[in-house]
Student: 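Below you'll find the structure I mean.
Start at 1 and go down the list; that is how both ligands and their atoms are numbered.
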Amino acid sequence: MAEISKNIEQAVALLNQNEVVAIPTETVYGLAANALQPEATERIYTTKNRPSSNPLIMHIKNVEELGKYTKNIPEKALVLAKMFWPGPLTLLLEKKDIVPNSTTSGSQLIALRVPKHPITLKLLNQLDFPLAAPSANPFGYISPTRAEHVQHQIGDKIELILDGGPCEKGLESTIVGFKGTSVIIYRPGYITQEDLQAVVGKNIDVQYKTDQKVVTSGMLPYHYSPNTPLVLIDDESEIISNPKSGLITYGKAELEMEHLINLSPNSSLEEAAQKLYSSLIEMDGMGLDTIYCKKYPNEGLGITLNERLKKAANKIEHLNRT
Ligand code: TXA
Ligand code: MG
């Protein structure tokens with residue numbers, strides 16, 4: 001099993017040897033390696049069992065590093081970076097040659113962000129390279145938001161998990177790209193469309209709702225999925241309750257069930273976001289035959305929560321079809 005510790009020096013040593021290390025961020029835990037070394041990023045793919053066609057997000061230590069790795073940076077990208085970094089916003093920009101094609105799966109665009117977690121920022125400041133880091137789950141499973149989740153999911157395959165406590169936000173970053181004067185949201189995330197609009201105005205397109213060509217893995221038919229069948233409901237009256245069903249809900253829970261997690265009795269979307277993945281992981285370990293999950297109002301962070309839940313629930317449908 002992996003060691004869970006706060007030992008940054010050990011992480012630096014491993015990363016300098018092109019090894020992988022699990023790191024905390026404010027969104028979810030990442031599985032990190034030297035983004036400029038194909039030998040190192042290769043280990044990320046094998047550890048996660050992730051297809052090499054799925055590119056990696058690069059984590060840099062500050063806004064000033066942008067120019068080192070990207071070119072032709074649109075004005076709006078710079079404005080957004082200055083506004084939201086460190087934080088849960090990932091920008092898709094034209095890469096410079098220093099970024100290997102293997103990090104971007106051959107794309108000329110690199111996804112990058114400055115994560116907001118003191119341990120990981122400290123780590124980045126002790127390295128002379130940026131860190132490629134996808135979420136630290138096996139491909140397709142729920143993203144880990146605690147060091148113990150990483151241990152449980154891939155601890156037998158890695159040496160070190162840097163312990164940064166529970167992730168503050170609990171949902172992945174928002175991924176945006178730039179076309180002409182528009183900002184395009186490719187993956188909804190913790191930063192909402194309204195947050196972006198407040199900074200760059202109304203010119204924002206959304207391209208994640210389709211079943212077209214896969215541009216990012218957020219666009220795959222299923223993702224973030226527990227092994228237990230997940231059923232989304234609008235209302236608790238839809239539940240066919242039995243001793244092996246569980247419910248993840250928020251607000252005033254009207255039903256009494258043995259396996260019930262209320263993510264936020266006050267219906268705070270931020271609180272629900274922070275706890276959603278850890279609650280899904282917890283319920284997935286209970287040996288239930290169905291997890292019911294209540295949908296969120298389709299606005300602000302609720303859009304991101306619903307998108308993740310829909311992808312998670314799609315697994316059953318998808319596996320039945322293929
Ligand atoms: O919050 C986050 O973004 C977390 C933490 C660890 O930073 N990371 C994360 O990484 O969610 P991952 O690999 O699980 O999701 C990254 C998404 C994938 O859907 C990938 O396809 C997309 O970003 N992506 C990365 N590079 C890309 C590129 N060059 N072009 C298009 N999509 C890209
Ligand atoms: Mg992921």
Student: Would the distance check show the side chain of Thr249 and the main-chain N or O of Asn262 forming a donor-acceptor pair, the cut-off being under 3.5 Å?
Tutor: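 No.
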
Student: Go through the side-chain N and O atoms of Thr228 and Asp284 and say whether any donor and acceptor fall under 3.5 Å apart.
Tutor: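 Yes, side-chain donor-acceptor contact under 3.5 Å.
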
Student: With nothing but distance in play, are any N or O atoms of Glu172 less than 3.5 Å from an N or O of ligand 1?
Tutor: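 By distance alone, the answer is no.
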
Student: Say whether Thr104, considering both its backbone and side-chain N or O atoms, lies within less than 3.5 Å of an N or O atom on ligand 1.
Tutor: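 Min N/O separation from ligand 1 is not below 3.5 Å for Thr104.
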
Student: Provide the number and element of each atom of ligand 1 under 4.0 Å from a heavy atom of Asn54.
Tutor: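 Numbered from 1, ligand 1 contributes 18 (C), 20 (C), 21 (O).
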
Student: Residue-level breakdown please: for Arg50 versus ligand 1, do any non-hydrogen atoms fall below 4.0 Å on the side chain, on the backbone, on both, or on neither?
Tutor: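 It is the side chain that touches ligand 1; the backbone stays farther off.
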
Student: Is it the case that one hydrophobic cluster holds both Val20 and Val28, taking links as side-chain heavy atoms less than 4.5 Å apart, direct or via other members?
Tutor: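 No; tracing contacts between hydrophobic side chains, which count when under 4.5 Å, never links both residues.
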
Student: Show me which atoms of ligand 1 lie under 4.0 Å from any heavy atom of Ser173.
Tutor: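 Every atom of ligand 1 under 4.0 Å from some heavy atom of Ser173: 1 (O), 2 (C), 3 (O).
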
Student: Can you see whether Ser268 engages Asn266 through a side-chain donor-acceptor pair at a distance of less than 3.5 angstrom?
Tutor: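 Result is no, nothing qualifies.
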
Student: Regarding atom 5 (C) of ligand 1: of the candidates Ile23, Leu31, Thr27, Leu131, which has the closest heavy atom?
Tutor: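 Answer by nearest heavy atom: Thr27.
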
Student: Is it the case that ligand 1 has an N or O less than 3.5 angstrom from some N or O of Thr25?
Tutor: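 No, since none of the N or O atoms of Thr25 sits under 3.5 Å from an N or O of ligand 1.
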
Student: Relative to atom 29 (N) of ligand 1, which among Leu109, Thr174, Thr90, Leu56 owns the nearest non-hydrogen atom?
Tutor: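 Minimum heavy-atom distance to atom 29 (N) of ligand 1 goes to Leu109.
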
Student: Can you sort out which atoms of ligand 1 are near Gly30, meaning under 4.0 Å from one of its heavy atoms?
Tutor: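 Those of ligand 1 that fall under 4.0 Å from Gly30 are 6 (C).
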
Student: Taking heavy atoms and a distance under 4.0 Å, where does Ile175 meet ligand 1: side chain, backbone, both or neither?
Tutor: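 Ile175 to ligand 1: side-chain contact only, backbone stays beyond 4.0 Å.
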
Student: In sequence, state the C-alpha distance, the side-chain angles, and the governing distance for Thr103 and Tyr69, and then conclude on side chain to side chain contact (heavy atoms under 4.5 Å, CB included).
Tutor: CA-CA 12 Å; Thr103 300; Tyr69 306 112; over 6 Å; no

Student: Using heavy atoms and a 4.0 Å limit, tell me yes or no: is Lys95 in contact with ligand 1?
Tutor: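 Per 4.0 Å heavy-atom rule, Lys95 does not contact ligand 1.
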
Student: Can you spot which of Glu172, Arg113, Lys116, His59 makes a side-chain hydrogen bond (donor to acceptor under 3.5 Å, both in side chains) with Thr25?
Tutor: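 In the set Glu172, Arg113, Lys116, His59, the residue that makes a side-chain hydrogen bond (donor to acceptor under 3.5 Å, both in side chains) with Thr25 is Arg113.
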
Student: So, 2.8 Å as the limit: is an N/O/S atom of Ser135 located closer than that to the Mg ion (ligand 2)?
Tutor: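 Yes - counting backbone and side chain alike, Ser135 has an N, O or S atom under 2.8 Å.
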
Student: For His59, take its heavy atoms, then give the atoms of ligand 1 lying under 4.0 Å from any of them.
Tutor: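 Going through ligand 1 atom by atom, the ones under 4.0 Å from His59 are 5 (C), 6 (C), 7 (O).
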
Student: Please say which of Asn203, Val176, Leu91, Leu196 ends up in a side chain to side chain contact (heavy atoms under 4.5 Å, CB included) with Lys76.
Tutor: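 Of the listed options, the one satisfying the test is Asn203.
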
Student: May I ask which of Ala136, Ser135, Pro115, Gly87 has a heavy atom nearer to atom 9 (C) of ligand 1 than the others do?
Tutor: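 That would be Ser135.
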
Student: Within the 4.5 Å heavy-atom criterion, are Ile291 and Met286 side-chain neighbours or not?
Tutor: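 A side-chain contact under 4.5 Å is absent here.
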
